[in-house]
Engineer: 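A single structure is presented below for examination.
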Amino acid sequence: MGVRRKPGTLLPLELAILEVALDLARRGVVHWHGFVLARALAEREHSRRLTAHGTLYKALERLEQAGLLASEWEDPLVAAAAGRPRRRLYRITAAGETALAARSLPSLRPNPKGVSP
Amino acid sequence: MNLLPLTTASVLAWVRLSTSGVPPAAREARRAEILSDVWEHGHAARLMAEAPNATARAIASRCVRGIPADVVWRRRIAGRSLMTAEGWSARGAGVFLITIAAVFVTALTAGRIGIGAEVEHFRDDFPRLAYNLHRAGITIYLTALLGVVSIIAASLLYTALRTYSASLATASAFLLLAAGSLWLVEAAAGRALYDLAAEWRATAGQTGDAVWTVARAVALIYELLAFITAFVMLSSLLAFGVLCLRSAVLPRWLGGRATAAGTTPIIVLALGWLLGGYTYYVFLTGGTLGWS
């Protein structure tokens, strides 16, 4: 099941998501959706396996709730014009960048066990 | 065979099930997000000219590996909302899926032993069984497994749905329990047949009339059990469908499908029986059609 952690810590997957999000932003990809992230995570790990749906979207939700990521749904007209389902577009927030630098959730105590990749 | 459409449909069905009973905003967001992800995955794979079945495997793997996280997420998000109408719907859907899966697997595997007790069929089928024991062995284990799964499903069904209609839930669960028990007996009969066929084969058919006669008697029991089990199982589905349709808290789509899944084969079986068409019922009873 899930990895247990103390409040205020980031799991390795969450850290990896923030790192990839920051890397994407630096390359000009400010907004990205779940599948793009899954592929970027796999490339980063030199793995052919993409992160599981449940694991990925649970982590994204938690990061958004913590204010480290923000998301918005794509305009339905854009999706319809492209002939595909609507994307949920995420971006890393300033708080996310700060947390990544500190390797922990803001305003909470860091826990080395939770941040070790 | 391209498995991608089936895999995609299965993944989306799982998402639909795992998000049933959670608050609408979270439910719709999760469903839309996975739909988008699966579509993007398939689209990217097409652009890279990846084989559809490789994509199907990758998507299925992502879904299956994420199930523990889905369950944790669901428990956290749904919380007490599992006690709401939608929570009950989810349980009903779960019971239905287990039941329909059991019926489906039975339909796929029942013909494997492929023994007909009538003299002219048995003369051909028994030697064929003796020289295909591995297939019969798999069928026996699957049958026993189905028995256990059905008994578990029956207890889930009763626990989850008795609040809404004690009589229908009891009837449906009882029929499913009976089907499960019959499957276990059927597995035992199949095992006896297996041993007799192995003995006959070991002596190159020189065992004499005794083994042949006993084997035919067991085949008769096996065939009868398979028929009764299928009928009981389908009746259980029918009762479950009626329960769904009559209970405002359960989704009507479930009721319609369960009723259709239970009724259609019963009609086909009955027609086959009435018209004397052996081929109609062997699909569910393990008759000789499985070998033809």
Side-chain angles (χ1 to χ4, degrees), chain A residues 1-5 7 11-14 16-17 24 29 31-43 45 47-66 69-76 78-91, chain B residues 7-20 22-48 50-51 53-79:
Chain A
M1 302 296 274
V3 178
R4 288 199 177 278
R5 47 121 160 256
L11 291 176
L13 174 64
E14 293 164 349
I17 290 173
L24 287 170
V29 186
H31 292 95
W32 38 267
H33 54 85
F35 180 69
V36 162
L37 176 71
R39 213 160 51 170
L41 284 167
E43 282 169 11
E45 303 290 330
S47 169
R48 290 182 65 189
R49 287 208 317 181
L50 302 185
T51 310
H53 297 140
T55 313
L56 182 68
Y57 291 105
K58 189 159 79 80
L60 285 173
E61 187 182 276
R62 182 169 187 274
L63 289 171
E64 189 175 18
Q65 283 172 353
L69 293 177
S71 77
E72 57 186 296
W73 283 95
E74 186 182 39
D75 185 339
V78 174
R84 55 172 166 70
R86 265 204 313 166
R87 292 169 172 168
R88 185 175 189 171
L89 299 169
Y90 292 87
R91 63 177 173 80
Chain B
T7 305
T8 303
S10 305
V11 168
L12 296 178
W14 161 250
V15 175
R16 191 180 171 82
L17 178 65
S18 65
T19 54
S20 297
V22 304
R27 181 184 65 213
E28 296 310 320
R30 175 57 70 97
R31 287 179 182 178
E33 202 155 23
I34 303 287
L35 174 67
S36 167
D37 187 304
V38 171
W39 188 92
E40 299 287 351
H41 196 151
H43 182 65
R46 271 195 304 278
L47 291 179
M48 291 189 296
E50 187 177 82
N53 285 352
T55 312
R57 276 196 299 277
I59 291 175
S61 163
R62 291 184 71 199
C63 175
V64 171
R65 285 184 285 120
I67 287 175
D70 284 334
V71 172
V72 171
W73 174 83
R74 180 188 163 77
R75 281 177 62 185
R76 184 167 56 79
I77 297 287

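Chain naming here is simple, since letters A, B, ... match the order of the sequence lines and numbering starts at 1 in each.
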Engineer: Donor-acceptor check, side chain of B:Arg65 to backbone of A:Leu50, threshold 3.5 angstrom: yes or no?
Structural biologist: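 Such a contact is found between B:Arg65 side chain and A:Leu50 backbone.
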Engineer: If every non-hydrogen atom of A:Lys58 is compared with every non-hydrogen atom of B:Arg30, which pair is closest and at what distance?
Structural biologist: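 Of all heavy-atom pairs spanning A:Lys58 and B:Arg30, the closest is N-NH2, 3.6 Å.
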Engineer: Which atoms of B:Val11 come close to chain A, meaning under 4.5 Å heavy atom to heavy atom: side chain ones, backbone ones, both, or neither?
Structural biologist: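 B:Val11 touches chain A through side-chain heavy atoms alone.
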Engineer: Taking side chain as everything from C-beta outward and backbone as N, CA, C, O, which of these in B:Ala29 sits under 4.5 Å from a heavy atom of chain A? Side chain, backbone, both or neither.
Structural biologist: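 When you check distances to chain A, atoms from both the backbone and side chain of B:Ala29 fall under 4.5 Å.
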Engineer: Which members of residues 31-39 of chain B, sorted by number, sit under 4.5 angstrom from chain A on a heavy-atom basis?
Structural biologist: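 Within residues 31-39 of chain B, near chain A: B:Ala32, B:Glu33, B:Ile34, B:Leu35, B:Ser36, B:Asp37, B:Val38, B:Trp39.
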Engineer: A:Ala52, A:Ala59, A:Ala79, A:Gly34: which one forms the most heavy-atom pairs within less than 4.5 Å of chain B?
Structural biologist: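 Winner by heavy-atom pair count: A:Ala52.
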Engineer: Could you name the residues of residues 35-43 of chain A that have a heavy atom within less than 4.5 Å of a heavy atom in chain B?
Structural biologist: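 So far as heavy atoms go, A:Phe35, A:Ala38, A:Arg39 are the residues that approach chain B to under 4.5 Å.
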Engineer: Could you check whether any side-chain heavy atom of B:Val15 comes within less than 4.5 Å of a side-chain heavy atom of A:His53, counting everything from C-beta outward?
Structural biologist: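 Sidechains of A:His53 and B:Val15: no contact.
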Engineer: What part of A:Arg84 is in contact with chain B, defined as an atom under 4.5 angstrom from a non-hydrogen atom: side chain, backbone, both or neither?
Structural biologist: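 Backbone plus side chain of A:Arg84, per the 4.5 Å heavy-atom cut-off to chain B.
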Engineer: Please report the closest heavy-atom contact between A:Thr51 and B:Arg62, naming both atoms and the distance.
Structural biologist: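 Of all heavy-atom pairs spanning A:Thr51 and B:Arg62, the closest is O-NE, 2.8 Å.
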